[in-house]
Amino acid sequence: MSASVVMIASGKGGTGKSTLAVLLGAELAARGRRVLLVELDCGLRSVDLIAGASGRTVYDLGDVLEGRCEAGKALVESPVYHDLYLISAPYSGGRIEPAALRVFLERAGPVFDTILLDTAAGMGRPFRAALGVAGRALLVLTPDPVAARDGRVVCEALDAGGCPDVRLLLNQVPPTLENCGVRHLDECIDTVGAQLIGVIPYSEEIRRAGATGTPLSPRGRPRLALRAVAARLCGRSVPLVVR
Ligand SMILES: Nc1ncnc2c1ncn2[C@@H]1O[C@H](COP(=O)(O)OP(=O)(O)O)[C@@H](O)[C@H]1O
Ligand SMILES: [Mg+2]
């Protein structure tokens, strides 16, 4: 498999995994990478909406893994983000078998540069399936004590599962932390025990982009923060954009 496979995980739900999976995928694609975003959160589809491809994902990952359709038919390019391809999770009843996922990714690997795996919160099936194939994990955390504590548990599971590279991505970070229950972002980093790859601000623009499937403005702070993370994912050494 030649593509780099990055799983997106969290302990707590709603930290922004799916939103950042799409927006980071879009940034990587804007840097010239061919990106495949695989949604593993069975029954809770969202990346098609966030990527502006609602109604276009006729077939899903379950159809491909269980041999009901060719992979090529289930992959949909985002109409908003050129070179970002998606495959949706099954609506219901889907079970992602790790061995079948591996075979699918081995086939897709030579066609893409980066494969992003959007998992579900916690360490259930989507997490375990992704852990078997990912070379890197992004742990998405909001700056609060619960997300940090849960993040620590997931970080330990990633280490125990042999994930070679775990990075912390802080999301929904407000301008001041006074109502967050943490005094400094370092508290989150120390609790989780993983290296920081980026800080994404709390942003109504990100909410809107996700809810409406439309892009961020090119020069706004959210976009700059995402661009910095994408550059770091590509191995570039760029300063962290922190608030
Ligand atoms: N940086 C952000 N600023 C504001 N809202 C955000 C941000 N990131 C995500 N959200 C919002 O948080 C909610 C949960 O995001 P989602 O990506 O579905 O989380 P998850 O996949 O982790 O469950 C959505 O309404 C989304 O628009
Ligand atoms: Mg999600």
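Indexing begins at 1, ligand by ligand and atom by atom, following the structure's order.
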Colleague: What I want to find out is whether Lys12 reaches Asp144 closely enough, with some N-O distance under 4.0 Å, to be called a salt bridge.
Modeller: yes
Colleague: Quick one: does ligand 1 sit under 4.0 Å from the side chain of Asn171, the backbone, both or neither, non-hydrogen atoms only?
Modeller: side chain
Colleague: Just to confirm my output: which protein heavy-atom neighbour is closest to atom 11 (C) of ligand 1, and how far is it?
Modeller: Arg207 NH1, 3.8 Å
Colleague: What atoms of ligand 1 come closer than 4.0 angstrom to any heavy atom of Tyr202?
Modeller: 3 (N), 4 (C), 5 (N)
Colleague: Can you confirm whether Thr57 sits close enough to Glu39 that some side-chain heavy atom of one is under 4.5 Å from a side-chain heavy atom of the other?
Modeller: no
Colleague: So for ligand 1, is Asp118 a polar contact partner (N or O within less than 3.5 Å, distance only)?
Modeller: no
Colleague: Counting heavy atoms only, which of Pro201, Ser18, Gly16 is nearest atom 21 (O) of ligand 1?
Modeller: Ser18
Colleague: Which residue and atom name correspond to the protein heavy atom nearest atom 14 (C) of ligand 1, and how close is it?
Modeller: Gly14 O, 3.8 Å
Colleague: Determine whether a donor-acceptor pair (N or O, by modelled atom type, separation under 3.5 Å) exists between the side chain of Thr119 and the backbone of Ile8.
Modeller: yes
Colleague: Counting heavy atoms only, which of Val47, Thr19, Thr15 is nearest atom 15 (O) of ligand 1?
Modeller: Thr19
Colleague: With heavy-atom distances below 4.5 Å as the criterion, would you say the side chains of Met7 and Leu158 are in contact?
Modeller: yes
Colleague: Would you mind running through ligand 1 and noting each atom that sits below 4.0 Å from a heavy atom of Lys17?
Modeller: 17 (O), 19 (O), 20 (P), 21 (O), 22 (O), 23 (O)
Colleague: Heavy-atom distance under 4.5 Å between the side chains of Tyr59 and Val76, does that happen here?
Modeller: no
Colleague: Can you check the number of protein N/O/S atoms within less than 2.8 Å of the Mg ion (ligand 2)?
Modeller: 1
Colleague: Using a 4.5 Å cut-off on heavy atoms from C-beta on, say whether the side chain of Leu138 contacts that of Leu20.
Modeller: no
Colleague: Check Arg223 with Glu27, please: is the shortest side-chain N to carboxylate O separation under 4.0 Å?
Modeller: yes
Colleague: Within the 4.5 Å heavy-atom criterion, are Leu24 and Leu169 side-chain neighbours or not?
Modeller: yes
Colleague: Between Glu39, Glu204, Glu205, Gln172, which one has a non-hydrogen atom sitting closest to atom 2 (C) of ligand 1?
Modeller: Gln172
Colleague: Hey, does the side chain of Asn171 reach the backbone of Thr15 with a donor-acceptor pair shorter than 3.5 angstrom?
Modeller: yes
Colleague: Between Arg34 and Asp83, does any side-chain N to carboxylate O distance fall below 4.0 Å?
Modeller: yes
Colleague: Among protein heavy atoms, which lies nearest atom 4 (C) of ligand 1, and at what distance?
Modeller: Ser203 O, 3.2 Å
Colleague: Hey, are the side chains of Phe104 and Leu61 touching, using non-hydrogen atoms and a 4.5 Å cut-off?
Modeller: yes
